[in-house]
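One structure is given below, encoded as structure tokens.
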Amino acid sequence: MKKNIIIAIDGPCGVGKGTIAKELEKRLNLLNIDTGAMYRCVALYALENGIKKEEQEKLEEVARNIDIKLLKDKVYLNNEDVTEKIRSNEVSDIVSPISNYIGVRGSYAKNNDIVMEGRDITTVVFPNATYKFYLDATLEERANRRYKQNKLNNISCTYEEVLENIEKRDYNDLHKKVGALKRSEDQVYIDTTNKTIEEVVDIILNVVRGEK
């Protein structure tokens, strides 16, 4: 039986993980899994079935047994299109604590070749991933990228505000009790500070294809 390929990418905010994952999805014909959408499906199921956000065991059982399909811009939960439902305020109110449960975070990717990015994908969600990468960049470069991105999206902020927010995010990500951002020996480390998206993608493709 063919073993599924799983490319897992971790790293702090502002290193381009999402953009890289989308490029790998296109280049390698992978399923790019949106972890946020999956956690929201668990939250939606909980809301509709009277399961409280504190009931960890029940929520982890839900995550193991519900059927989630991510097809381009659509999200299906047990064959129902829930693309709009999972973005409701009620779901948003409870998804954060639910996503912290280990059994919820590590229960996905059935019968697909996938790429997934986040902060604990290589360490918690898919510790046995086929390929593991850790993307990094200097704090200043990450703040600069996010600042430029905000300007393009007409989000009003100063560079200093973005820098401060990223510093706080880094601290929180590194000190979470569950799913903290970590470096490990089996990750391929890539410093993206002075690299283009294309250069980073090429490095990853060379590893996946066994090139040097």
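Everything numeric in this text was worked out from a predicted model, so none of it was measured. All heavy atoms count here, side chains included; hydrogens, waters and symmetry mates do not.
Applying the 6.0 Å contact sphere to NZ of Lys182 captures no more than 12 heavy atoms from other residues, nucleotides or ligands. When the shell of 6.0 Å around CG of Asn29 is examined, it contains 12 or fewer heavy atoms from other residues, nucleotides or ligands. Residue Lys148 qualifies as open at atom NZ: its count of foreign heavy atoms under 6.0 Å is 12 or below. Within 6.0 Å of the CD atom in Glu84, the count of heavy atoms belonging to other residues, nucleotides or ligands does not exceed 12. Other residues, nucleotides and ligands contribute more than 12 heavy atoms inside 6.0 Å of the CG atom of Asn49.
Atom-to-atom distance recorded for Glu140:CD and Asn144:CG is 10.0 Å, nearest 0.5 angstrom. Atom SG in Cys13 sits 9.0 Å away from atom CG in Asn165 (nearest 0.5 Å). One distance of note links NZ of Lys74 with CG of Asp81; it measures 4.5 Å at 0.5 Å rounding. For the atom pair OG1 (Thr192) and CZ (Arg145), the distance works out to 3.5 Å, reported to the nearest 0.5 Å. Atom-to-atom distance recorded for Asn79:CG and Ile68:CD1 is 12.0 Å, nearest 0.5 angstrom. Taken from CD in Glu23 to CG in Leu30, the straight-line distance is 12.0 Å, to the nearest 0.5 Å.
A donor-acceptor contact shorter than 3.5 Å links the side chain of Lys195 to the backbone of Asp191. A distance-only check finds no donor-acceptor pair linking the side chain of Asn153 to the backbone of Ile155 [under 3.5 Å]. Judged by distance alone, the side chain of Glu161 and the main-chain N or O of Thr158 form a donor-acceptor pair under 3.5 Å. No donor-acceptor pair closer than 3.5 Å links the side chain of Glu48 to the backbone N or O of Tyr45. Side chain of Asp113 to main chain of Ile5: a donor-acceptor pair is present (N/O by atom type, distance under 3.5 Å, no hydrogens or angles). Between the side chain of Asn65 and the backbone N or O of Glu61 there is at least one donor-acceptor pair closer than 3.5 Å. When atom types are taken as modelled, the side chain of Lys69 and the backbone of Asn78 share no donor-acceptor pair closer than 3.5 angstrom. Remark: side-chain polar atoms of Gln187 are paired, donor with acceptor, to backbone N or O of Ser184 under 3.5 angstrom. A donor-acceptor pair is defined here as one N or O able to donate and one able to accept, closer than 3.5 Å; such a pair exists between the side chain of Arg142 and the backbone of Ala137. Put simply, the side chain of Thr122 never gets that close to the backbone of Asp10: no donor and acceptor are under 3.5 Å apart.
Considering all non-hydrogen atoms of both residues, Gly18 and Glu117 come closest at CA-OE2, 3.7 Å. Closest approach of Ala143 and Val162 over heavy atoms only: O-CG1, 3.5 Å. Closest heavy-atom contact between Cys41 and Val82: SG-CG2, 4.1 Å. In terms of heavy-atom proximity, Tyr147 sits nearest to Cys157 at CE1-O, 3.3 Å. Shortest non-hydrogen contact noted between Tyr101 and Glu54 is OH-CA, 3.6 Å. The heavy-atom pair separating Ala21 from Val115 by the smallest distance is O-CG1, 3.7 Å.
Using a 4.5 Å cut-off on side-chain heavy atoms (C-beta onward), Ser99 and Val42 make no contact. Side-chain contact between Asp173 and Asp120 is absent, with no heavy atoms from C-beta onward closer than 4.5 Å. Counting only heavy atoms from C-beta outward, the side chains of Leu205 and Leu24 approach each other to under 4.5 Å. In this structure the side chain of Ile7 reaches within 4.5 angstrom of the side chain of Leu28, judged on heavy atoms. Here the side chains of Leu139 and Glu167 are in contact, with some heavy-atom distance below 4.5 Å. Side-chain contact between Met116 and Asn32: absent, with no pair of heavy atoms (C-beta onward) separated by less than 4.5 Å. Under the 4.5 Å side-chain criterion, counting only non-hydrogen atoms from C-beta, Leu77 is not in contact with Asp67. Between Lys52 and Lys58, the closest side-chain pair of non-hydrogen atoms is not below 4.5 Å.
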What do the steps show when you test Asn4 against Ile114 for side chain to side chain contact (heavy atoms under 4.5 Å, CB included), and what is the final call? CA-CA 8 Å; Asn4 294 333; Ile114 70 165; over 6 Å; no
Under the side chain to side chain contact (heavy atoms under 4.5 Å, CB included) rule, what do Val200 and Ile204 come out as? Steps first, then yes or no, please. CA-CA 6 Å; Val200 177; Ile204 293 176; 4.3 Å; yes
Worked check of side chain to side chain contact (heavy atoms under 4.5 Å, CB included) between Phe133 and Val207: CA-CA 10 Å; Phe133 298 92; Val207 172; 3.9 Å; yes
Residues Glu60, Gln56; criterion side chain to side chain contact (heavy atoms under 4.5 Å, CB included); working and verdict: CA-CA 6 Å; Glu60 290 179 341; Gln56 180 175 349; 3.0 Å; yes
Step-by-step side chain to side chain donor-acceptor pair (under 3.5 Å) determination, Ser92 to Arg40: CA-CA 8 Å; Ser92 296; Arg40 284 176 174 273; 3.1 Å; yes
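Side-chain contact annotation: Tyr189 with Asp136, donor-acceptor N/O pair under 3.5 Å present.
Residues in residues 123-135 take part in these side-chain hydrogen bond (donor to acceptor under 3.5 Å, both in side chains) pairs, two or more places apart or across chains: Lys132-Asp186.
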